[in-house]
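Have a look at the structure below, then the notes.
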Number of protein chains: 2
Amino acid sequence: MISSIAELISDRIGTMPAGERRAAQTLIANYPLTGLKTVAEFSTAAGVSSPTILRFVARLGFQNYPEFQSALQDELAAQLQSPASRTLNSASPANGGAVSPMLEATLDNMRETFRHLTDKQLADIAARLAERRGKTFLIGGRFTDPLARYMAAHLAIIQPDVYHLAGQESIWRDRLIDMGKRDVLVVFDIRRYQESLLRFAEKAHQRGVQIVLFTDQWLSPIARFARHVIAGRTAVPSAWDSSAALFVVAETLIGAVTRQLEAAGAKRIRDLESLR
Amino acid sequence: MISSIAELISDRIGTMPAGERRAAQTLIANYPLTGLKTVAEFSTAAGVSSPTILRFVARLGFQNYPEFQSALQDELAAQLQSPASRTLNSASPANGGAVSPMLEATLDNMRETFRHLTDKQLADIAARLAERRGKTFLIGGRFTDPLARYMAAHLAIIQPDVYHLAGQESIWRDRLIDMGKRDVLVVFDIRRYQESLLRFAEKAHQRGVQIVLFTDQWLSPIARFARHVIAGRTAVPSAWDSSAALFVVAETLIGAVTRQLEAAGAKRIRDLESLR
DNA sequence: CAAATTACGTAACATAAGATACAGCGCTCC
DNA sequence: GGAGCGCTGTATCTTATGTTACGTAATTTG
C-alpha cells in the first residue's frame, strides 16, 4: 500500500527517464518543500526544464501541477497535526504496556494547542477578563457547556459579575439586554457548531460585546465576531472529539486571571470565607 | 527577539483591524498551511476578501504575497530538517511567562495519573458503565460538577437511563429512592471534599449502588464506599487545583464505553439523528 | 549502421493568480 | 448627533504561472 507521495516516487523512480529522475531526486532531497514552489523554481533546482517537471508529476498520476501541490499540502498537514507518529515520547519511557493511545493523542493535542498559542495572546485575554469594568458572561454548546460552567465557577469567586448562561436559548437572549461594550462574552463552540450559539454571538457582537471564543482548529463561524480566538486540537482515537485541550487552556486562563487579581481577589476570598 | 512569523503575528495582532485579525487567527489556527495556499483560498478560509489578506501580509512587513510565502517555506524547511527542535522551541520559546510551567505540570499530572491506572481498571469501569442492567447517575462537587455534566452529556447519547444530578442536595436525596443494586453512581469529589457528597454517597452505598469515584491523590473520604477509585493528580502552579487529569480520564472512559456499546450505540445514534 | 522512437528544451499561449483603484460603510471622536 | 477617518469589499487590471505545440537531440532497435 502506497500512502505518501514520497513512497510513490521511490516506487516509480526506476522507470523514469533521466530528466524526470533528476526531478524526483531533487524533490526527495528536501521533501516536500521543492514541490510546493513554482514549476519554474522546481525546474531550476533540478536543473531541467519546466515541461520535464510537468511530465514528472503527470507520470505520478496527477492531472496537473496544482493538484500535485494540493496532495503535498494535505500530506504535510497530516504530519503537522499529529506529531504523535514521530514523537517517541521521551517523557513516558518506562511504559511497556500500551497505555491508552487516547492519552498520547490528548497530550499531543495539548502540546499542539499551546504551540499555536503565545503567552501574549493568553496574557491579553487574561487582562481582558481581569479588567473589571464590565460583566463577564460564559456560554457553551452541547458538549462544551460544562467547560463554560467550570470556568464560570472559578471566575465567579475572584470577581463579581460573572454569569454562566444556561438553559434555553430564549433565556440567554433576554440577557442580551444587559450586555454592552464593556462586557465580555466567553463562548465555547466546537463541531458540530451550533446555530443557536452563532445567532447569540452575532447579536452580542452587534451590541459591542467583546467575544472570546474557544473553538477547534477548524474555527467555529463565531470566529468572525470574536476579538480573541483560541483554537484547540480535538482529534483523538475515539468516536468523540476531545475538549481536553480547551479545558487546559481554560484552567491556564483561570490561573492567569487569578494572578492578576491577586490583591483584590485575596481580599474577596477572605470576605467570602467570612461569610460561611 | 522575533524569530518566527507566528510570533510576529501574535505580536501585532492586537493592533490589527478586525478583518486582518481574522486572517491572522485563521493562519495561526493551522499554521502555516493556510499561508501556503493561494490568496483566494486563504481569504475564503478566513471569511474575508482577498485584499484584506494582502493588507495583512503587507502589515507584517512583506512586500508582496510570494515573499510572505517564501518566508513561511523557509521556516518550514528549518523545522522539517530538525524535528527535535520543533517540540522544544515551539511558538513560545522565550518563556519567561508563567504559561509553560502550567502546561508542563498538567502534562505531568496526566502521565502520573495514568501511570497509576492500569488498562484493566479502566476496562473494568468501562464494562461496568456499559453494562445496561441498571441506571447511571453522575454527580460532582463545586468545581467538578461540570465534569459530571460533561460525562453525562456523552453517556446519555449512547445509552438510556443516564442522569446527571444537579441543583440542591434535597433534590438528589429524593432520587435515592430510584437507586438500587443494579445502578452505578459516578461521583467527582476533590479537595476540599464536600460533606454533602459524602452523605449522599454513603446513603447510595447503603442501598447497594456501585460507586465510581473520581478524586484527587489524597482520596476523598468517599473512597471508603467506592467500588472503583480513580485518583488524579491535581497539583499545578496556580492558586487552584487542576481537574484536567480527571477530565482526560473521563474522556478516556467515555471512549471506552462507546467502543463497547458500538453496535447498540450506533443504532441508537442513528435513531437519535432521525429524531431531529 | 540506419531508421524510428522517445526524451528534452525553446517558445508561444491561455489561464489563474496577485495587485490596485475606488466606492461604500461603519466606526470613532468631537 | 454630525463630520471625519479608516476599514472593507467589488471590480478591474496586470503579472507570472502553468500548459501546450513543435523542433531538435539522444537513444534504442532492427
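Lettering follows sequence order; numbering is per chain, from 1. Because the structure is a prediction, the values reported are computed rather than measured. Excluded from the calculations below are hydrogen atoms, water molecules and symmetry mates; all remaining heavy atoms, backbone and side chain alike, are included.
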Report all interatomic pairs (protein N or O, nucleotide N or O of nucleotides 15-18 of chain C) with separations under 3.5 Å.
{"residue": "C:dG18", "atom": "OP1", "partner": "B:V39", "partner atom": "N", "Å": "3.1"}
{"residue": "C:dG18", "atom": "OP2", "partner": "B:V39", "partner atom": "N", "Å": "2.9"}

Carefully, step by step, assess B:D241 and B:F143 under the rule side-chain contact (heavy atoms from CB on, under 4.5 Å).
CA-CA 10 Å; B:D241 281 338; B:F143 296 122; over 6 Å; no
Looking only at heavy atoms, which two atoms of [X] and [Y] are closest? And how far apart?
X: B:A24; Y: B:I9; answer: CB-CG2, 3.7 Å
X: A:L72; Y: A:L36; answer: CB-CD2, 4.0 Å
X: A:F62; Y: A:A71; answer: CE2-CB, 3.7 Å

Along DNA chain D, first and last positions that approach a heavy atom of chain A under 4.0 Å
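So the outermost contacting nucleotides come out as D:dT17 to D:dT20.
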Are any of the side-chain heavy atoms of A:I5 and A:P32 separated by less than 4.5 Å?
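Heavy-atom side-chain distance check fails, nothing below 4.5 Å.
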Check nucleotides 28-30 of chain C for protein N or O atoms closer than 3.5 Å to its own N or O atoms and list the pairs.
none

Any residue meeting salt bridge (charged side-chain N to carboxylate O under 4.0 Å, His left out) with B:R149, in chain and number order, not counting sequence neighbours
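B:R149 satisfies salt bridge (charged side-chain N to carboxylate O under 4.0 Å, His left out) with B:D145 once adjacent residues are dropped.
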Please determine, by modelled atom types, if B:S242 and A:E251 share a side-chain donor-acceptor pair under 3.5 angstrom.
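A:E251 and B:S242 do have a side-chain donor-acceptor pair below 3.5 Å.
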Will you find, in the side chains of A:R224 and A:H205, an N or O donor that is under 3.5 Å from an N or O acceptor?
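The criterion, which ignores hydrogens and geometry beyond distance, is not satisfied for A:H205 and A:R224.
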Length of the line joining [X]:[atom1] and [N]:[atom2], which is rounded to integer Å:
X: B:R55; N: C:dA21; atom1: CZ; atom2: P; value: 12 Å
X: A:Q206; N: C:dG26; atom1: CD; atom2: C1'; value: 13 Å
X: A:R22; N: C:dA7; atom1: CZ; atom2: P; value: 17 Å

Tell me, please, whether A:Y163 has A:R175 positioned over its six-membered ring: NZ or CZ under 6.0 Å from the ring centre and within 45 degrees of its axis?
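Yes, A:R175 lies over the aromatic ring of A:Y163.
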Just to be sure I understand the rule, does B:P51 reach a base, reach only the sugar-phosphate, or reach nothing, if contact means heavy atoms closer than 4.0 Å?
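Counting heavy atoms under 4.0 Å across all strands, the contact made by B:P51 includes a base.
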Whichever of A:S50 and A:R59 has its nearest DNA chain C nucleotide further upstream toward 5'
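Nearest nucleotide further toward 5': that of A:R59.
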Going by the rule side-chain hydrogen bond (donor to acceptor under 3.5 Å, both in side chains), which residues pair with A:T215 if we only count those two or more places apart in sequence or in a different chain?
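For A:T215 there are no side-chain hydrogen bond (donor to acceptor under 3.5 Å, both in side chains) partners, ignoring immediate neighbours.
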Could you list the residues that satisfy side-chain hydrogen bond (donor to acceptor under 3.5 Å, both in side chains) with A:R22, not counting sequence neighbours?
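Result, side-chain hydrogen bond (donor to acceptor under 3.5 Å, both in side chains) vs A:R22: none returned.
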